[in-house]
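Only this structure's heavy atoms are used, side chains among them; waters, hydrogens and symmetry mates stay out.
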Amino acid sequence: MTLRESPKYNRFVKNLKKLIFLFFLYFLIIYPLEARVYKITINAPIHPVTSEFIRQAIDQAERDQAKLLIMALNTPGGLDSSMREIIERILSSKVPIAAYVSPNGARAASAGFFICLACDIFVMAPGTSTGAAHPVGISLTGQQMDETMAAKVTEDAAAHIRTIAEKRGRNVKMAEEAVTQSRSYTETEALKGGLIDLIAANEEDILKHFDQRTIKRFSGETIQLQLQDETIEEISMSARQKFLLTISNPNLAYILLMLGLLGLYFEFSNPGAILPGVLGGISLLLAIFAFQILPINYVGLLLILLAIGLFILEIKVQSYGILSIGGIMAMVLGSIMLINSPIPELRPSLNFIIPVAIGLSLIFIFLIMLVVRAHSRKVMTGKEGLIGEIGTAQTDLNPEGKVFVHGELWHAEAEENIPQGSKVKVIEVKNGLKIKVTKV
């Protein structure tokens, strides 16, 4: 009897197949349905990229039936439109969400304060702060709103924060003062005033504190959290979101704009170079995307374009450097005004802008001078290249004869008699192989 015919061997094979089947069944069906605790980290201003990331994380937590989603926040605030998208998704989430202002020294200011209040659980780490949620609006030209419009926007934000705080059972007065009076609170003040639920050193402390606790959802439903022995799984940004978050940096967006303009100018002034045009076009498109996220002042953008025009005019008009100085000033002022945001993290640093603006201005002037110098240089080829050349009369010119110019023998004519051996200068190239010369 062979091994394959043995009953013990057949039973072993059957049991092994069952074990493999149960293994795959667990990881394909049962494991994805197990509830778990997810965590995301937001260490950036609130704008469309962070809004997309938060909303997608909530979607994933709902699909996997997570027990809790912890949102670690460290943000100076951001755009009102993105904030409202996030709050709307948080309030409709089927999964409880805990906002955690961390690490130590972090803050959840302005839009971040609204988002934290909207969550089911609001926790802060030691040494953190929150609040300072007074709305600030800026027009396309960078001007602040008038008093009437500012009052309307502030009252709208105050009403929004009141309804969120009331539904979440938090201190309505403190929440409203963060909007109307720009009040900011430490973690101790927030806990004492009833704005937050806990001060926690880490995420594990949050799980221990809220395990078996009953919380009230925004819809009025109450649920009991089961968080004992749960591990925390981090949800990371996709490669696309990380890339978009990187180019939304105001310093990088400014550099992309400058490189885009420089590359396109070089391509237009030197057609056929291709590479500067391609790189310039890509840089400009990336800058335009970043400007959709950042609050752009279009007067600043027009000043930058004006600066380039002044640099070109400097070459065409004899201004003794006045146009160049005006162009540099326009470039620097336009760069300073370009990204106008009340949030420092959403505007480039002056220590970065001024050297870059002056440096790029000098590069523009240098490139324009090279182009003009190349266009004004004497033509060295073709008929035009002969004009002004010096040659020798090979025969008497009376008034026609032969001259040796540019290494060639030419049929020439002159307005006066020129003896053989005299030096002559080409003043005109006529039709055919005939030139007109004059005696040097």
**Q.** Heavy-atom closest pair, residues Phe122 and Ile196
**A.** O-CB, 3.4 Å
Q) Minimum heavy-atom separation for Ala133 to Phe114, with atom names? A) CB-CE1, 3.6 Å
(Q) Taking the side chain as everything from C-beta on, heavy atoms only, tell me whether Val95 gets closer than 4.5 Å to Ile58. (A) no
(Q) Nearest 0.5 Å, please: how far is CG in Leu261 from CD1 in Ile304? (A) 7.5 Å
Q | Full working for side chain to side chain contact (heavy atoms under 4.5 Å, CB included) between Glu233 and Val37 | A | CA-CA 6 Å; Glu233 184 176 336; Val37 175; over 6 Å; no
Q: Measure across Ile121 and Leu225 and return the closest heavy-atom pair with its distance rounded to 0.1 Å.
A: CD1-CD1, 3.9 Å
Q: Show the numbers, then the answer: is there a side chain to side chain contact (heavy atoms under 4.5 Å, CB included) between Val332 and Ile358?
A: CA-CA 7 Å; Val332 173; Ile358 294 176; 3.9 Å; yes
Q | Pairwise side-chain contact, Thr41 with Asn74, heavy-atom cut-off 4.5 Å (strictly under) | A | no
Q. Quick check: are there more than 12 heavy atoms from other residues, nucleotides or ligands sitting under 6.0 Å from CD of Gln181?
A. yes
**Q.** Donor-acceptor under 3.5 Å (Thr128 side chain, Ala106 main chain)
**A.** no
Q. Roughly how far apart are Leu333 CG and Met337 CE, rounded to 0.5 Å?
A. 7.5 Å
Q: With rounding to the nearest 0.5 Å, note down the distance linking CD1 in Ile247 to CG in Leu286.
A: 5.0 Å
Q | Heavy-atom side-chain contact between Leu259 and Leu279 under 4.5 Å | A | no
Q) Given Asp197, which of Arg168, Arg170, Arg213 fulfils the salt bridge (Lys or Arg N to Asp or Glu O under 4.0 Å) condition? A) Arg170
Q. To the nearest 0.5 Å, how far apart are CG in Leu191 and OG1 in Thr186?
A. 9.5 Å
Q | Distance, nearest 0.5 Å, that separates NZ of Lys39 from CD1 of Ile235 | A | 11.5 Å
**Q.** Non-hydrogen atoms of Leu68 and Leu207 that approach each other most closely
**A.** CD2-CD2, 4.1 Å
(Q) Checking Val101 against Glu187 for the side chain to side chain contact (heavy atoms under 4.5 Å, CB included) test, could you report, in this order, the C-alpha distance in whole Å, the side-chain angles of both residues, the deciding distance, and whether it holds? (A) CA-CA 9 Å; Val101 184; Glu187 77 283 6; over 6 Å; no
Q. Sub-3.5 Å donor-acceptor pair from the side chain of Tyr185 to the main-chain atoms of Met174, do we have one?
A. yes
Q: With rounding to the nearest 0.5 Å, note down the distance linking CD1 in Ile70 to CG in Leu227.
A: 8.0 Å
Q.
Taking Ser93's backbone N and O only, do any of them form a donor-acceptor pair with Arg217's side chain (distance below 3.5 Å, no angle check)?
A. yes
Q) Between Arg84 and Glu88, is the closest basic N to carboxylate O distance under 4.0 Å? A) no
(Q) Can a donor-acceptor pair be found, under 3.5 Å and without considering hydrogens, that links the side chain of Asp64 to the backbone of Ala66? (A) no
**Q.** CA sep, side-chain torsions, deciding dist, call: Leu195, Phe113, side chain to side chain contact (heavy atoms under 4.5 Å, CB included)
**A.** CA-CA 10 Å; Leu195 274 179; Phe113 179 64; 4.2 Å; yes
Q) Would you call Arg240 and Leu244 a side-chain contact if the rule is heavy atoms closer than 4.5 Å? A) yes
Q.
What I want to check is whether the side chains of Gln224 and Gln226 have a donor and an acceptor closer together than 3.5 Å.
A. yes
Q: Could you walk me through whether Glu221 and Lys94 pass the salt bridge (Lys or Arg N to Asp or Glu O under 4.0 Å) test, one step at a time?
A: CA-CA 11 Å; Glu221 173 194 5; Lys94 298 176 182 177; over 6 Å; no
Q: For Ser92 and Arg89, indicate whether the former's side chain and the latter's backbone hold a donor-acceptor pair under 3.5 Å.
A: yes
(Q) Apply salt bridge (Lys or Arg N to Asp or Glu O under 4.0 Å) to residues Arg183 and Glu189 and explain how you reach the verdict. (A) CA-CA 11 Å; Arg183 289 283 305 277; Glu189 292 170 341; 5.8 Å; no
Q | Which atom of Ala253 lies closest to which atom of Ala287, heavy atoms considered | A | O-CB, 3.9 Å
Q: Determine whether Val123 and Ile199 make a side-chain contact, defined as any pair of heavy atoms from C-beta on separated by less than 4.5 Å.
A: no
Q: From the options Ile40, Leu69, Ile97, Asp59, select the one residue that forms a side-chain contact (heavy atoms from CB on, under 4.5 Å) with Ile54.
A: Ile40
Q | Which atom of Met83 lies closest to which atom of Ile46, heavy atoms considered | A | N-CG2, 4.0 Å
Q: Could you tell me whether a side-chain N or O of Thr50 sits under 3.5 Å from a main-chain N or O of Pro45, the two making a donor and an acceptor?
A: yes
Q) Do side-chain atoms of Thr75 reach the backbone of Ala44 as a donor and acceptor pair under 3.5 angstrom? A) yes
(Q) If we ignore hydrogens and angles and just use 3.5 Å, is the side chain of Asp120 paired with the main-chain N or O of Pro96 as donor and acceptor? (A) no
